[in-house]
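Written below as structure tokens is the structure these notes are about.
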Amino acid sequence: MKARIVYASMTGNDEDMADILEEDLQDYGFEVESSDVSFTDASDYLESDLCIFITYTYGEGKMTDEIADFYEQLKTLDLSGKHFAVMGSGDKTYGEHFCENVFDYEKAFKEVGAIEASAPVTIENAPDDDAIDKIDNAAKEMADLLNG
């Protein structure tokens, strides 16, 4: 099984999440490729069985340029039959906008026909032990679903 992790990381928190998830999925036998959103085309997902996007939500939920560009590319794809997962970090001081971009991406993946492999994982700021457990559990859900 091939997994593609694309992450957007301003502070390094989401890159850390991607690293944790990559290691987990490799332990479950996935061939994993990770890349920064700035150096990735959404069509790269077409080569994968599992498509993962990890993003931060900045301020009141407005996507930064690189996240918005990738989002628009994603919405042009047909990912029918592919599985997806979304994760990300945010700051709870923004209330209703906490991790808003994660849920924007969840909706976009569903709109292009992808099947959700695990519930969205949202964390506040940097991954702590609880967040790592959430990522580990999501990886297990993904592996159980795709590896049967």
Side-chain angles (χ1 to χ4, degrees), residues 1-42 44-45 47-75 79 82-112 114-148:
M1 288 278 162
K2 288 186 175 184
R4 168 61 95 148
I5 301 171
V6 179
Y7 62 87
S9 192
M10 183 181 286
T11 60
N13 295 340
D14 296 284
E15 185 172 5
D16 291 346
M17 292 176 74
D19 290 343
I20 294 163
L21 182 60
E22 178 175 5
E23 188 174 306
D24 286 346
L25 291 175
Q26 286 172 338
D27 288 346
Y28 287 115
F30 283 84
E31 181 185 321
V32 184
E33 190 168 343
S34 295
S35 58
D36 184 290
V37 68
S38 299
F39 306 106
T40 311
D41 191 278
D44 291 348
Y45 282 138
E47 307 293 318
S48 301
D49 304 295
L50 177 59
C51 311
I52 300 162
F53 193 75
I54 303 175
T55 187
Y56 60 89
T57 298
Y58 184 75
E60 295 183 351
K62 185 174 185 318
M63 290 185 194
T64 58
D65 289 344
E66 81 265 12
I67 298 170
D69 290 347
F70 194 83
Y71 181 81
E72 292 305 320
Q73 290 175 15
L74 175 65
K75 288 172 57 173
L79 295 180
K82 307 264 184 209
H83 288 83
F84 81 93
V86 290
M87 300 183 174
S89 64
D91 186 331
K92 289 186 178 175
T93 59
Y94 289 101
E96 68 189 50
H97 299 291
F98 175 70
C99 290
E100 187 173 327
N101 293 164
V102 172
F103 300 104
D104 292 337
Y105 266 88
E106 178 188 33
K107 184 179 175 191
F109 273 111
K110 287 178 178 178
E111 287 173 359
V112 297
I115 304 157
E116 197 158 28
S118 74
V121 173
T122 58
I123 68 167
E124 185 167 24
N125 302 318
D128 58 13
D129 289 343
D130 288 341
I132 292 169
D133 286 344
K134 285 173 145 182
I135 296 166
D136 292 346
N137 291 335
K140 183 176 184 335
E141 282 181 46
M142 293 175 219
D144 288 349
L145 180 66
L146 274 81
N147 292 334

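The distance between the ring centers of Tyr45 and Phe84 does not fall below 6.0 angstrom.
A 4.5 Å side-chain heavy-atom check between Val102 and Val121 finds every atom pair outside the cut-off. A heavy-atom distance below 4.5 Å is found between the side chains of Leu79 and Leu74.
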Walk me through whether Phe98 and Asp91 qualify under side chain to side chain contact (heavy atoms under 4.5 Å, CB included).
CA-CA 6 Å; Phe98 175 70; Asp91 186 331; 5.6 Å; no
Could you give me the CA-CA distance, side-chain angles and deciding distance for Met142 and Asp24, then say whether side chain to side chain contact (heavy atoms under 4.5 Å, CB included) is met?
CA-CA 10 Å; Met142 293 175 219; Asp24 286 346; over 6 Å; no
Side chain to side chain contact (heavy atoms under 4.5 Å, CB included), that's the test. Do Thr40 and Phe70 meet it? Break it down for me.
CA-CA 8 Å; Thr40 311; Phe70 194 83; 4.1 Å; yes
Might you work through the side chain to side chain contact (heavy atoms under 4.5 Å, CB included) test for Phe30 and Leu50, ending with a clear yes or no?
CA-CA 9 Å; Phe30 283 84; Leu50 177 59; 4.0 Å; yes
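The two residues Glu15 and Ser9 come nearest to each other via the heavy atoms N-OG, 3.2 Å. The heavy-atom pair separating Ser118 from Glu116 by the smallest distance is O-CG, 3.2 Å. Contact record, Gly61 with Glu100: CA-OE1, 4.0 Å, taken as the closest heavy-atom pair.
Gln73 places no side-chain N or O within 3.5 Å of a backbone atom of Asp41 that could act as its donor or acceptor partner. Checking side-chain atoms of Asp14 against main-chain N and O of Ser89 turns up a donor-acceptor pair under 3.5 Å.
Using the six-membered ring where Trp is involved, Phe53 and Tyr105 have ring planes that are parallel, under 30° apart on the 30 and 60° scheme.
Salt bridge present: Asp144 and Lys140 bring a charged side-chain N and a carboxylate O closer than 4.0 Å.
Under 3.5 Å, the side chains of Asn101 and Asp104 contain a donor-acceptor pair of N or O atoms.
The salt bridge (Lys or Arg N to Asp or Glu O under 4.0 Å) test applied to Glu33 returns Arg4, not counting sequence neighbours.
Open room surrounds CD on Glu23; 12 or fewer heavy atoms of other groups in view lie less than 6.0 Å from it.
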